[in-house]
Amino acid sequence: MATKTVYEDCDILVVGGGMGGTGAAYEARYWGRDMKIIVAEKANIDRSGAVAQGLYAINCYMGTQWGENNPEDHVLYARNDLMGLVREDLAFDMARHVDSAVHKFEEWGLPFMKSAETGRYLREGKWQIMIHGESFKPIVADAARKSADKIYNRIMVTHLLMDEAQDNRVAGAVGFNCRTGDFHVFRAKAVIVAAGGASHIFKPRSVGEGMGRTWYAPWSSGSAYALSIQAGAKMTQMENRIVLARFKDGYGPVGAYFLHLKTYTQNAYGNEYETTWYEDTKEMVGEYIDHHPTPTCLRNHAFIQEVKAGRGPIYMVTKEAFQDPHLEEVGWENFLGMTVSQAVVWASQDIDPKYTNPELTTSEPYVMGSHATCSGAWCSGPEDLSPEEYFWGYNRMMTVDGLFGAGDAVGGTAHAFSSGSFTEGRLAAKAAVKYVKDLKAENINVTDKQVSDFKEEIYQPLENYKVGRNEIVSGTVSPSYLLPIQGLQRLEKAMDEYVGGTSVNYMTNDKLLERGIELLDIMEEDFEHLGAEDLHQLMRAWELKHRLLTSQSVAQHTLFREETRWPGYYYRGDHMKLDDENWHCLTLSRRDPETREWHMEKAPVYHIVD
Ligand SMILES: Cc1cc2nc3c(=O)[nH]c(=O)nc-3n(C[C@H](O)[C@H](O)[C@H](O)COP(=O)(O)OP(=O)(O)OC[C@H]3O[C@@H](n4cnc5c(N)ncnc54)[C@H](O)[C@@H]3O)c2cc1C
């Protein structure tokens, strides 16, 4: 296939135009008036990323102007929910800026619900405010479009370019257009990775015709992690995968139901069950079970134990709240603005929540950095807040010079959500502009060889298919290549069985992890033989490779942390207790880009808020 190569030289390259990426593009223009700012996005920024379908609530808003919450309160909240372990400097930094981002959304036309009594944003819970958010994503996309010099949609970024003049410095990125097949080379002085989290690394509960239905966006392929890992960036807390309790089969959100509709859960026999597991949980995690609010993972733990004890399914009691016509309307609207498919699932299964209490389930695990979880890259914090170990010059810069992160890409910043991810994009962009202005990105050198080597590697799956299809024996069975879907299922199965997925009740141990890591290493070799029938499958092939690298990182971190810190997210059967004496710390990894070996270490947790 003759492939056109398109070159673009710029100051700031933003990889991924989701919440973090749009925030980055907007802020980069503010500080870098004369700079060339480019966004490269796999889909189309109008409807891309986790917020593509819209949201019904902005989950992170302080309301400091009204004395509702202060940034310190949010740090304490995130610390508590993550069982003590967050990057408090990053969390505080996000929280002190997030309100201004939310005010921008309103200025740009996002409709907010307001309290009739106070005139303030209508609260769903302590941190959440309610919006009519179907068009949330097009609204922030518009701000990015007006700010960037150019938005490249449909570009799957596969690798970061590295400077050949100075060690450990980023120099841009490469990828291909999923529609035209053009090869794109972005030479950039600074790169902000905001390519979202990872679904489909563990086998989903939904199979067959429902396979695409996962809680986290199915197109979130771990690129933020894989791109950074390939470049040699350090990662943190990658073991801290998240499991969600959600409405069954549609993964519909429960936040508005719990907080606004005041619905509650019960087991199959109509009983409250969380207190049943109090002593059991206390035995595992000590006083953490007495914290308020109860950490998300511990609530999952009670759910999982109750189902294991044979008293499932767990129901959400909606029948009472839905008798109120206003609450009934809110209940349905909640899905229409965010997860239409939950309403469709209920309709197809004859469930009317006014008359039938719907089932909940715990999801397969996902990897992300912005929810009740904080996996991601190890980034520098802001200079005015961060202890020495957390600061190396530029806010949100990874351990690779010139490489910044935002949103799910950044580790340690739990509970940022949509608004916090956008805010992080702004913070990263401000720092990236400063990095360029400080002349830290001078004399970057990218040789033609680096570019042409990547080009050959990227299109190899098309070549594998073209040659190998002549040997097809039957249907999709080929002796010489693997299709991306086959590879994906192999990956999901190994992660599920060895690294703590749903089919083993989130349980793993050192022996399982060691075997799992071996299997993932074998896959790394086998995935050199992926075959792509067309450009869409080529995208699938690269998504799979990114998912594999993310999975390897998750498995390595899970093996390293010898305790069960987050029961309800996963369990180390060989270390079934939380161990604050040895593991009240953050975990760090670095994969050597040359040898592909993983190096693990501990980093201290600093509590900067009392
Ligand atoms: C089901 C669900 C419900 C949620 N509910 C809420 C809620 O109610 N309130 C709230 O505030 N937050 C909510 N969130 C959280 C919020 O959506 C995320 O925190 C936020 O979107 C993360 O921002 P991000 O920029 O890191 O990732 P995203 O917004 O997902 O953006 C990532 C972008 O990168 C692009 N990309 C991926 N790979 C590549 C690649 N290789 N090359 C180029 N581009 C790439 C993607 O297409 C996407 O545009 C929810 C999330 C989910 C999934």
Side-chain angles (χ1 to χ4, degrees), residues 13-24 39-61 98 102 105 124-125 127-131 133 136-137 140-141 144 152-160 173-176 178 184 186 192-199 214-227 242 244 246 250-256 334 337-339 341-342 363 366 368-373 376 405-410 413-425 428 539 542-543 545-547:
L13 173 68
V14 180
V15 176
M19 288 311 295
T22 50
V39 178
E41 159 61 45
K42 180 171 73 168
N44 183 311
I45 64 161
D46 272 343
R47 285 283 171 195
S48 69
V51 177
Q53 263 193 85
L55 295 178
Y56 198 68
I58 286 176
N59 282 352
C60 184
Y61 179 72
V98 71
V102 173
F105 301 153
E124 183 183 84
W127 305 104
Q128 302 83 351
I129 50 176
M130 297 173 77
I131 54 173
F136 192 5
K137 192 61 215 302
V140 293
Y152 283 88
N153 286 317
R154 305 288 170 202
I155 306 290
M156 166 97 205
V157 173
T158 56
H159 302 82
L160 297 176
V174 291
F176 63 96
C178 306
H184 284 260
F186 301 96
I192 301 168
V193 170
S199 61
T214 49
W215 171 78
Y216 209 49
W219 46 81
S220 294
S221 51
S223 293
Y225 311 123
L227 292 169
I242 183 170
L244 294 301
R246 288 292 181 268
Y251 297 88
V254 295
N334 182 235
M338 185 151 81
T339 316
S341 43
Q342 185 65 56
S363 72
Y366 305 96
M368 54 187 300
S370 65
H371 212 275
T373 173
D408 283 333
V410 176
T413 53
H415 290 276
F417 294 101
S418 60
S419 46
S421 297
F422 186 91
T423 305
E424 274 203 315
M539 179 183 76
W542 280 101
E543 287 181 338
K545 283 172 181 256
H546 286 179
R547 284 189 163 104

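One-based numbering, in listed order, for ligands and for the atoms of each.
- Among Gly420, Gly17, Gly20, Ala50, the residue whose heavy atom sits closest to atom 24 (P) of ligand 1 is Gly20.
- For Lys137 (side chain) and Ile45 (main-chain N/O), a donor-acceptor pair under 3.5 Å exists by modelled atom type.
- Listed by number with element, the atoms of ligand 1 under 4.0 Å from a non-hydrogen atom of Ser370 are 18 (C), 19 (O), 22 (C).
- With sequence neighbours excluded, the residues forming a side chain to side chain donor-acceptor pair (under 3.5 Å) with Ser341 are Arg213, listed by chain and number.
- Below 3.5 Å of separation, one finds no N or O of His546 facing any N or O of ligand 1.
- Annotation: Met19 places an N or O atom under 3.5 Å from an N or O atom of ligand 1; distance criterion only.
- A distance of 13.0 Å separates CD1 of Ile155 from NZ of Lys42, quoted to the nearest 0.5 Å.
- The shortest N or O to N or O distance between Met368 and ligand 1 is not under 3.5 Å.
- To the nearest 0.5 angstrom, Met19 atom CE is 8.5 Å from Thr423 atom OG1.
- The ligand atoms of ligand 1 that sit less than 4.0 angstrom from a heavy atom of Val51 are 17 (O), 21 (O).
- Side-chain contact check for Ser221 and His546: no donor-acceptor pair (N or O, by modelled atom type) lies under 3.5 Å.
- Shown in contact with Ser418 at under 4.0 Å from a heavy atom are these atoms of ligand 1, numbered in order with element: 10 (C), 11 (O), 12 (N), 16 (C), 19 (O).
- For atom 27 (O) of ligand 1, the candidate residues are Cys178, Gly196, Ser223, Gly54; the nearest heavy-atom contact is made by Gly196.
- Checked by atom type and distance alone, the side chain of Thr373 never pairs as donor or acceptor with a backbone atom of Gly369 at under 3.5 Å.
- When hydrogens are left out, the protein atom nearest atom 26 (O) of ligand 1 is Asp408 N, 2.7 Å; that is the closest non-hydrogen contact.
- When atom types are taken as modelled, the side chain of Ser363 and the backbone of Leu244 share a donor-acceptor pair closer than 3.5 angstrom.
- Annotation for ligand 1: atoms under 4.0 Å from non-hydrogen atoms of Ser421 are 19 (O), 20 (C), 22 (C), 23 (O).
- For ligand 1, none of its N or O atoms has an N or O atom of Leu55 under 3.5 Å away.
- By the 3.5 Å distance cut-off applied to N or O atoms, Ala57 is counted among the residues near ligand 1.
- An N or O contact shorter than 3.5 Å links Ser48 to ligand 1 by distance.
- The two residues Arg547 and Ser199 have their closest heavy-atom pair at NE-O, 2.8 Å.
- Shown in contact with Gly49 at under 4.0 Å from a heavy atom are these atoms of ligand 1, numbered in order with element: 28 (P), 30 (O), 31 (O), 48 (C), 49 (O).
- Ring geometry for Tyr366 versus Tyr251: interplanar angle over 60°, hence perpendicular rather than tilted (30 to 60°).
- Here the shortest heavy-atom pairing between Ala43 and Asn153 reads O-CB, 3.3 Å.
- Of the polar atoms of Tyr56, none of the N or O atoms is found under 3.5 Å from an N or O of ligand 1, judged by distance alone.
- Distance from atom 42 (N) of ligand 1 to its nearest protein heavy atom, with residue and atom name: Val157 N, 3.0 Å.
- Taking all atoms of both residues into account, the shortest heavy-atom contact from Gln53 to Thr339 is OE1-CA, 3.9 Å.
- Per-residue contacts place Ala40 under 4.0 angstrom from the following atoms of ligand 1 (heavy atoms of the residue considered): 43 (C), 44 (N).
- Around atom 53 (C) of ligand 1, the closest heavy atom drawn from Phe176, Trp215, Trp542, Tyr216 belongs to Tyr216.
- Considering both main-chain and side-chain atoms, Ser221 never comes within under 3.5 Å of ligand 1 through any nitrogen or oxygen pair.
- At the top of the distance list for atom 37 (C) of ligand 1, counting protein heavy atoms only, stands Ala195 O, 3.2 Å.
- One N or O on the side chain of Asp408 and one on the backbone of Ser370 form a donor-acceptor pair closer than 3.5 Å.
- The distance from ligand 1 to the heavy atoms of Ile155 drops below 4.0 Å at these ligand atoms: 42 (N), 43 (C).
- Counting only heavy atoms of the protein, atom 31 (O) of ligand 1 lies nearest to Gly18 CA, 3.2 Å.
- The main-chain N or O of Gly407 is found under 3.5 Å from a side-chain atom of Glu424 such that the two form a donor-acceptor pair.
- No side-chain heavy atom of Gln342 sits under 4.5 Å from any side-chain heavy atom of Arg246.
- Taking the six-membered ring wherever Trp is involved, the centroid distance between the rings of His184 and Phe176 does not fall below 6.0 Å.
- Residue Ala194 places a heavy atom less than 4.0 Å from ligand 1.
- The closest heavy-atom contact to atom 47 (O) of ligand 1, among the options Lys42, Glu424, Glu41, Glu124, comes from Glu41.
- Interface of Ile58 with ligand 1, defined as ligand atoms under 4.0 Å from a residue heavy atom, comprises 11 (O).
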